[in-house]
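Single-structure report; data block below.
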Protein chains: 2
Amino acid sequence: MSGIADVARAAGVSKSTASRALTGRGYVSEHTRSRVRDAAERLGYVASTNAASLVTGRTHNIALIVPRVNRWYFGSVIEGVERSLISAGFDLTLFVAEPDSRDRESLYAHFLARKRFDGVLAVALEPDDDDIERLRDYGKPFLHIGNELPGITTLGVDNFVIGRMMTEHLLTLGHTDIAFLGRTPPSEPSARDVDDRSAGYLAAMTEAGLAGSARLEPATLTLPDGYAAAASLLADRTSRPSGIVAACDEIGIGTIIAARRLGIAVPAQLSVVAVDGHDYADMFTLTTIEQDPAAQGEEAVRLLLEQIAGADARPVRHSAPARLVVRASTAPPAHTLAAV
Amino acid sequence: MSGIADVARAAGVSKSTASRALTGRGYVSEHTRSRVRDAAERLGYVASTNAASLVTGRTHNIALIVPRVNRWYFGSVIEGVERSLISAGFDLTLFVAEPDSRDRESLYAHFLARKRFDGVLAVALEPDDDDIERLRDYGKPFLHIGNELPGITTLGVDNFVIGRMMTEHLLTLGHTDIAFLGRTPPSEPSARDVDDRSAGYLAAMTEAGLAGSARLEPATLTLPDGYAAAASLLADRTSRPSGIVAACDEIGIGTIIAARRLGIAVPAQLSVVAVDGHDYADMFTLTTIEQDPAAQGEEAVRLLLEQIAGADARPVRHSAPARLVVRASTAPPAHTLAAV
DNA sequence: TTGAAAGCGGTACCAC
DNA sequence: GTGGTACCGCTTTCAA
């Protein structure tokens, strides 16, 4: 394990010259530079980031805070972030902690306080999250992937618009009895993204003069729970809606599976629209509003690195794209067809 | 941002005494210790890990290398690792790189070479992976989560035994026409764990005198691909097996879905057994060999931290538990029932 | 264009 | 039990 002193000696120059040659900061003659480079190569020299950080204050390391790993959305974001970080020469330190959990507390008290990173990326923060202020006050570049948050730079899809788009898709097809499936159950911490989606749904229903028949059914954002919730919602054929707006693809897929098991034909007797663009959506021919969380992760890294490099750091909202992909889980309602 | 010098001054002691009081190494009177602690608290002092690492050589950071994030098994491992790391006061640096990928190369050349960690955890390495030697030669504690590998400490389930258990479960129920679904397709890099599972299947079939009817059908380890492969395998009712051993739960679930769509009753007309203990297994009433990747991650951290603390580092194989959970996707084959 | 020397923020040795 | 001081490995003035 050779240090820069060894490299300098091997190249016949001083430590300072070696440092300049290797980092590219400061004047070094072309000839010297290449000699130093060769020596470094030969010795297998790799700079100690620790030592460098100690003096420069830069760590080439980003902290990423996610509530969970094992969920499609978060996993995709992590992959996107990691990918662009590594190609930028940065390390990724991962923290997993649900908002308001005990882990969260120690995270802020001990880990982030060490400031062993140049910037922070957080995913799916809630507006009332105490941590937001703390993160902002660390004074390091900080960016949120998820909904808009006051005072900080954020990146994400517009969930209100998405809720509305999903609903309007069904309305346009002629549905009038449309339920929203995936409202956060009372037992769970509230989630802003879901709330915004359901708000979009309600707005669209209201505009269509259907406020009276709007209903928000609870379910957590998982396939099994979506399945269970759909199964109980669809069990009673008299109250069954003709269209379901699902809070995410996992719920949408759970709904499709539940419908099949109950002998309800999709889309003939039931239309299902969801949002995400999950890997499984195509297999279940799910009509969905696709977003690209990996791309959001990459874009977030780009923006964060810009800030680290000194770009303007005023809080901005960056809107991530989302587009409707129509598959075979949505169609006009049965009575419409009958009328034709 | 106060340093230890500020703390020392505030407590009226020297830097060395402050350091001893705070780190707990060396003698300090109780009285002094508490005064220093108070001062540190008051000033919001947090030690710079960088500076400490520079002199101690310890970073309190672990590198975790996974091929993917967004798959149930890997995601669960990551969560387990993160959880126990954080409670041990360690940071997690995450690297995502498929074996033999280009990312992999830069990972070793640039990132791991910086040695900014006290140990390395790698998941799902292949035996012919060039990186294994490199990792071992870094001289840092190194542990593999996955199959056994020569010369290094590993932790994981015994996939051969699992393949055999799955098959024997079906054999015991009376099945004789059993296919293995999930052999690695030729287009994919070979995967040792899958190979071991299929080898266990073949061994069990051979022992039962059924080597002639054994077959290995290709599929990647994803639900959509398991679905597609099962759909084509099951389409021809004349050649359809009565039992399927799936290489993982995703494939098993895909198979169940395919069977339902083809109108094949599970388990009456088709038994499906798989392995993993995926979150969705229960919902699909899938009989499976459960393993606990999060627990494996936690255990791996425990072992690694022991090594870092100086424990014996001779390579050992740690076997992770796996147990058969019988649900409603397996039953005696139809002809058996008919005979009763 | 290059080199000497001062420190970044701690820890650890040694003498007191 | 405590303080002085060298030093971890690098970057960065400043002078030559």
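Chain identifiers are assigned alphabetically (A, B, ...) following the order of the sequence lines, protein sequences preceding nucleic acid strands; residue numbering begins at 1 within each chain.
Residue A:Ser29 is in sugar-phosphate contact alone, with no base atom involved, counting any heavy-atom pair closer than 4.0 Å across all strands shown. Residue contacts shown for A:Ala47 are limited to sugar-phosphate atoms, with no base heavy atom under 4.0 Å away. Within the 4.0 angstrom heavy-atom criterion, only backbone atoms of the sugar-phosphate kind lie near A:Thr32; the bases stay farther away. The residue A:Thr23 sits close only to the backbone: its heavy atoms come under 4.0 Å of sugar-phosphate atoms, none of a base. Within the 4.0 angstrom heavy-atom criterion, only backbone atoms of the sugar-phosphate kind lie near B:Arg25; the bases stay farther away.
Atom CZ in B:Arg35 sits roughly 11 Å away from atom C1' in D:dT2 (whole-Å rounding). At whole-Å resolution of the value, CZ in A:Arg116 and P in C:dC8 are 21 Å apart. C:dG9 atom P lies 10 Å from atom OH of B:Tyr45, rounded to whole Å. Rounded to a whole Å, the CG atom of B:Leu54 is 8 Å from the C1' atom of C:dG10. Residue B:Glu30 contributes atom CD, which lies 12 Å from atom C1' of D:dG1 at whole-angstrom precision. Following rounding to the nearest Å, B:Leu43 (CG) and C:dG9 (P) show an atom-to-atom distance of 15 Å. With rounding to whole Å, A:Arg58 atom CZ is found 16 Å from C:dC8 atom C1'. Straight-line distance from the CZ atom of B:Arg9 to the P atom of C:dG9: 12 Å, rounded to whole Å.
In the interface, the side chain of A:Arg20 is paired with the base of C:dG3 through a donor and an acceptor atom under 3.5 Å apart. A donor-acceptor contact under 3.5 angstrom links the side-chain atoms of B:Lys15 to the base of C:dG10.
Ring orientation note: the planes of A:Phe90 and A:His60 are tilted relative to one another, at an angle of 30° to 60°.
A:Arg192 has a carboxylate O that lies under 4.0 Å from a charged side-chain N of A:Asp196, or vice versa, which qualifies the two as a salt bridge.
Among C:dA12, C:dA4, D:dT2, the nucleotide with an atom closest to any side-chain atom of B:Ser16 is C:dA12.
Proximity of B:Ser48 to the phosphate of C:dC8: no side-chain N or O atom is located under 4.0 Å from OP1 or OP2. A close approach under 4.0 Å does occur between a side-chain nitrogen or oxygen of B:Ser14 and OP1 or OP2 of D:dG3. The phosphate of D:dT12 has neither OP1 nor OP2 within less than 4.0 Å of any side-chain N or O from A:Tyr27.
Side-chain atoms of A:Thr32 and A:Ser29 include a donor-acceptor pair closer than 3.5 Å. No hydrogens or angles considered: nothing links the side chains of A:Tyr138 and A:Glu133 as a donor-acceptor pair under 3.5 Å. Under 3.5 Å, the side chains of B:Asp91 and A:Thr93 contain no donor-acceptor pair of N or O atoms.
Toward the 5′ end of DNA chain C lies the nearest nucleotide of A:Ala18, the other residue of the pair B:Val46 and A:Ala18 mapping further downstream.
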